[in-house]
Amino acid sequence: MTESTQTNAVFASEAVFRRKLKSYVKHCSNEKARRLPNAAGFCRFCSISRNDFAHLKVAFPLMFDIAQSTFIDEALNTKFPNSAANMSFITDFNNSISGEGKDTVRIICEHDPSCDGE
């Protein structure tokens with residue numbers, strides 16, 4: 001095995017990465033699973049480390065961006081309870097993977113719960 005093959009060893013190709021992502025999102029949407037798709041869950045589903053996931057950014061940058069966008073979209077549009085704490089965790093996890101502060105997603109809640117009534 002060559003050094004470049006070892007670098008891309010997490011998934012053999014972008015197509016495999018795409019299939020794994022689709023399988024994971026489908027798994028999460030299963031009524032029995034009822035999970036919110038996220039990067040940490042994807043790592044667990046694929047039996048890869050966070051470091052392996054971070055290396056996918058170099059090996060398959062377009063697919064990595066699609067995966068990150070998928071996790072953010074699923075988090076924002078889920079029908080499950082969606083707390084600010086969950087959103088903060090997802091943002092922190094994504095930032096720890098990217099290692100860049102410029103990719104930070106800021107969540108600002110301008111809702112006043114006292115306006116909901118008693």
Side-chain angles (χ1 to χ4, degrees):
M1 191 171 355
T2 66
E3 187 175 327
S4 63
T5 306
Q6 289 174 339
T7 303
N8 297 335
V10 176
F11 297 125
S13 68
E14 189 171 275
V16 172
F17 187 0
R18 184 179 304 275
R19 282 195 302 274
K20 287 284 193 178
L21 179 63
K22 285 183 179 183
S23 293
Y24 172 63
V25 172
K26 184 177 180 180
H27 165 75
C28 290
S29 66
N30 178 336
E31 282 192 35
K32 290 181 183 178
R34 294 187 49 98
R35 292 178 169 265
L36 177 64
N38 62 79
F42 182 71
C43 290
R44 181 178 179 194
F45 181 80
C46 296
S47 298
I48 62 173
S49 69
R50 291 174 55 189
N51 198 31
D52 289 338
F53 184 71
H55 280 92
L56 291 169
K57 183 177 184 179
V58 174
F60 308 112
L62 176 61
M63 194 60 222
F64 183 87
D65 186 55
I66 291 169
Q68 293 288 69
S69 296
T70 299
F71 301 142
I72 293 167
D73 181 61
E74 290 289 336
L76 292 172
N77 294 304
T78 185
K79 293 179 183 174
F80 304 126
N82 198 355
S83 70
N86 287 347
M87 292 303 298
S88 176
F89 170 78
I90 290 166
T91 300
D92 290 345
F93 185 85
N94 286 341
N95 288 340
S96 72
I97 291 293
S98 70
E100 301 173 10
K102 67 181 180 182
D103 291 339
T104 301
V105 175
R106 293 185 58 206
I107 300 167
I108 300 170
C109 297
E110 294 181 356
H111 175 72
D112 182 358
S114 64
C115 293
D116 289 340
E118 299 178 278

Tightest non-hydrogen contact, residues L36 and C28, listed as C-SG, 4.5 Å
Does a side-chain heavy-atom distance below 4.5 Å link F11 with D52?
no
Go through the structure and list residues passing side-chain hydrogen bond (donor to acceptor under 3.5 Å, both in side chains) with S23, not counting sequence neighbours.
none
What class does the angle between the rings of F17 and F53 fall in, given that below 30° is parallel, 30 to 60° is tilted and above 60° is perpendicular?
perpendicular
If we only count heavy atoms from C-beta on, is the E74 to T70 side-chain gap below 4.5 Å?
yes
What's the verdict on side-chain contact (heavy atoms from CB on, under 4.5 Å) for V25 and F45, showing C-alpha distance, side-chain angles and the deciding distance?
CA-CA 10 Å; V25 172; F45 181 80; over 6 Å; no
In chain order, what residues pass the side-chain contact (heavy atoms from CB on, under 4.5 Å) check against R19, with sequence neighbours excluded?
A15, V16
Considering only heavy atoms from C-beta outward, does the side chain of Y24 approach that of N38 to under 4.5 Å?
yes
Roughly how far, to the nearest 0.5 Å, is CD of Q68 from CG of L56?
10.0 Å
I'd like to check the side-chain contact (heavy atoms from CB on, under 4.5 Å) partners of D65; sequence neighbours left out, ordered by chain and number.
S69
So F42 and K20, do their side chains get closer than 4.5 Å, heavy atoms only?
yes
Of all residues at least two apart in sequence or in a different chain, which pass the side-chain hydrogen bond (donor to acceptor under 3.5 Å, both in side chains) check with D73?
N77
